[in-house]
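Below is one structure, written out as structure tokens; the observations come after it.
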Amino acid sequence: MRRTRTAPWKEPLVTLSPTLERTDPETLAELQREHGRALFGFLLGLTAGDAQRAEDLVQETLVRVWQHPEVLASGHESLRPWLFTVARRLAIDARRARLSRPLEVDPEGLEQAPAPEDAVAGSVTAIDVRRAVGCLGPEHREVLMQVYFRDRSVAEAAAELGIPTGTVKSRTYYALRALKKGLQGYGYGLGA
């Protein structure tokens with residue numbers, strides 16, 4: 001059942017200065033009571049169920065009424081069509097603005113992202129590793145070069161160096177042990 005009553009905006013204007021007029025706050029409150037729920041439901045559909053965004057758009061629509069009091073004097077029986085048109089345009093503008101910005105990043109995803117490489121720290125580490133390898137005896141250095149830097153198996157390293165596989169294994173063990181002592185501040189799991 002539709003209520004018929006006189007429009008609540010008989011005196012819709014509040015003059016703030018001789019050139020600046022705004023809609024009366026009581027008139028805005030009456031418009032909110034009369035059209036707010038329907039406007040919110042409409043905007044909820046346009047925002048894919050985002051209640052917060054829909055509430056913001058309802059408020060922005062009412063701000064437009066407040067900024068344009070001449071709409072109230074248009075003589076229309078209901079302002080609902082005008083309100084819905086303004087609300088729809090605001091929703092479209094908000095969506096376009098959101099799509100033109102880069103996607104927001106979930107903070108949880110940042111925690112799982114790898115830390116950016118620090119070029120200086122990497123260079124310092126490389127220098128320290130070279131020094132530690134340089135401090136090894138030539139037999140240990142040759143074994144590490146074959147097994148770790150050239151990615152050869154123990155058997156391949158033994159064949160290349162002309163020594164038994166057991167010797168390759170023991171030299172590798174002692175070389176890693178010496179590197180571990182030389183690189184104590186790094187916390188590498190170098191075995192031994």
**Message:** Starting from L57, can I reach I92 by hopping between I/L/V/M/F/W/Y residues whose side chains sit under 4.5 Å apart?
**Reply:** no
**Request:** Give a yes or no on whether V63 and V58 share a hydrophobic cluster (residues Ile, Leu, Val, Met, Phe, Trp, Tyr; joining criterion: side-chain heavy atoms under 4.5 Å apart).
**Result:**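 Different clusters: V63 never reaches V58 through Ile, Leu, Val, Met, Phe, Trp or Tyr contacts under 4.5 Å.
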**Asked** Counting distance only, does the side-chain N/O of T167 pair as donor-acceptor with the main-chain N or O of I163 below 3.5 Å?
**Response** no
Salt bridge (Lys or Arg N to Asp or Glu O under 4.0 Å) involving [X] - partner list, sequence neighbours excluded:
X	answer
R96	none
R64	E60
D50	R53

For residues 151-160, dump all side-chain donor-acceptor pairs below 3.5 Å to protein atoms at least two apart in sequence or in another chain.
unit_1	atom_1	unit_2	atom_2	d
R152	NH1	Q146	OE1	2.3
S153	OG	E156	N	3.1
E156	OE1	S153	N	2.9

Can you tell me how far apart [atom1] ([X]) and [atom2] ([Y]) are? Round to the nearest 0.5 Å.
X	Y	atom1	atom2	answer
L44	L39	CG	CG	11.5 Å
R171	L144	CZ	CG	11.5 Å
L176	L136	CG	CG	9.0 Å

Taking the side chain as C-beta and beyond, is there a heavy-atom pair between [X] and [Y] under 4.5 Å?
X	Y	value
F84	H35	no
E26	E30	no
W82	V65	yes

**Message:** Restricting to ring pair (Phe, Tyr, Trp, His ring centres under 6.0 Å), what partner residues turn up for F40, sequence neighbours left out?
**Reply:** none
**Message:** Show the nearest heavy-atom pair for residues V168 and T172, with the distance to one decimal.
**Reply:** O-OG1, 2.6 Å
**Prompt:** side-chain contact (heavy atoms from CB on, under 4.5 Å) with R88: which of L46, L83, T61, L43?
**Reply:** L46
**Asked** So which pairs with a foot in residues 127-144 pass side chain to side chain donor-acceptor pair (under 3.5 Å), sequence neighbours left out?
**Response**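 Every pair satisfying side chain to side chain donor-acceptor pair (under 3.5 Å) with a residue in residues 127-144: D128-Y186.
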